[in-house]
Amino acid sequence: MTVAPSALGFLKPEKYAAVERERRWLCAGLPALPVLRAEAIEDLYVDDSRLRLRRATPVGGGEPILRLSKKADLAPDKRLITTIYLTGTEFSLFAALPGRVLRKTRHYYAAGGATVSVDRFEGALEGLFLAEAEFADDAAMAAFPAPGFAGREVTADQRYNGGALVRNGVPEES
């Protein structure tokens with residue numbers, strides 16, 4: 001089912017939002033492949049909103065990338081996203097908002113001719129590993145084979161979106 005952008009609060013999506021196309025799979029763990037890069041991610045899912053505040057810090061050193069995003073699903077594999085990059089002071093202002101925090105380390109790998117990331121979750125979600133791949137268009141997304149290290153595809157299972165995971169925890173059948 002596809003939802004109209006205006007119904008999700010995106011009044012001018014063609015001008016201010018991008019379409020994010022991705023597929024997701026459960027994984028038993030991190031794959032035995034060379035890691036291209038990794039980042040420690042801390043997300044604040046702001047209560048009663050579609051807003052996510054993210055701090056992504058490169059593992060091994062480097063300045064964190066600070067951003068505020070609004071996401072809304074158009075379909076299970078497509079969403080609209082707007083992003084604002086923030087200074088440290090701006091980030092601190094938004095970090096005071098009420099919400100739930102999700103922590104994970106994202107590892108990037110080359111797989112199937114694309115870059116695939118695998119998130120290793122922490123805290124209450126420890127033990128969950130979720131792979132995802134993003135695509136520039138629908139044809140590339142449809143043609144992409146599941147990575148060899150991936151398990152069950154959960155793209156259409158909304159329980160595996162970050163906001164749902166931080167609110168509800170890991171779904172039972174994982």
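- With respect to the salt-bridge test (charged N to carboxylate O, under 4.0 angstrom), the residues Glu22 and Arg79 qualify.
- With Tyr160 as the aromatic partner, Arg24 does not meet the cation-pi criteria of under 6.0 angstrom to the ring centre and within 45 degrees of the ring axis.
- The two residues Cys27 and Ala131 make their nearest non-hydrogen contact at SG-CB, 3.5 Å.
- In terms of heavy atoms, Ala56 sits closest to Ile41 at CB-CG1, 4.2 Å.
- Looking at Val118 and Tyr108, their side chains never come closer than 4.5 Å, going by heavy atoms from C-beta outward.
- Thr105 and Arg120 form a side-chain donor-acceptor contact under 3.5 Å, judged by distance and modelled atom types alone.
- Within the 4.5 Å cutoff, side-chain heavy atoms of Leu53 are placed close to those of Leu86.
- Each of Arg103, Arg52, Arg100 was checked for a side chain to side chain contact (heavy atoms under 4.5 Å, CB included) with Asp43, and the lone residue meeting it is Arg52.
- Residues Glu42 and Val101 share a closest heavy-atom pair of CG-CG1, 3.7 Å.
- Proximity of the aromatic rings of Phe144 and Phe135 is defined here by a centroid distance below 6.0 angstrom, and this criterion is met.
- Looking at Arg55, its side chain never comes within 3.5 Å of a backbone N or O of Pro64 through a donor-acceptor pair.
- Checked for salt-bridge contact, Asp73 and Lys78 miss the test: no charged N lies under 4.0 Å from a carboxylate O.
- For Asp48, the CG atom counts as loosely surrounded, since its 6.0 Å shell holds 12 or fewer non-hydrogen atoms of other residues, nucleotides or ligands.
- When each of Leu26, Leu165, Asp157 is paired with Pro171, the side chain to side chain contact (heavy atoms under 4.5 Å, CB included) condition holds for Leu165 and for no other.
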>> Run Ser117 and Tyr109 through side chain to side chain contact (heavy atoms under 4.5 Å, CB included) and show every step you take.
In response: CA-CA 6 Å; Ser117 63; Tyr109 302 91; over 6 Å; no

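- Using a 4.0 Å cut-off between charged side-chain N and carboxylate O, Lys71 and Glu20 make a salt bridge.
- A pairwise comparison of heavy atoms in Leu44 and Phe94 identifies CD2-O, 3.9 Å as the closest pair.
- Between Ser69 and Arg54, every side-chain heavy-atom pair lies at or beyond the 4.5 Å cut-off.
- The shortest side-chain heavy-atom distance between Trp25 and Val154 does not fall under the 4.5 Å cut-off.
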> Does the side chain to side chain contact (heavy atoms under 4.5 Å, CB included) test come out yes or no for Glu153 and Arg23, once each step is laid out?
Replying inline: CA-CA 8 Å; Glu153 185 165 359; Arg23 291 176 56 196; 2.9 Å; yes

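- Put simply, the side chain of Asn161 never gets that close to the backbone of Gly163: no donor and acceptor are under 3.5 Å apart.
- With contacts defined as side-chain heavy-atom distances shorter than 4.5 Å, the pair Leu66/Thr87 does not qualify.
- Of all heavy-atom pairs between Leu36 and Ala110, the closest is CD1-N, 3.6 Å.
- Heavy atoms only, all atoms of each residue included: Tyr85 and Arg67 are closest at CE2-CD, 3.8 Å.
- Using a 4.0 Å cut-off between charged nitrogen and carboxylate oxygen, Glu122 and Lys104 do not count as a salt-bridge pair.
- Looking at Asp138 and Asp77, their side chains never come closer than 4.5 Å, going by heavy atoms from C-beta outward.
- Going from atom CZ of Arg50 over to atom OG1 of Thr82 covers 11.0 Å, rounded to the nearest 0.5 Å.
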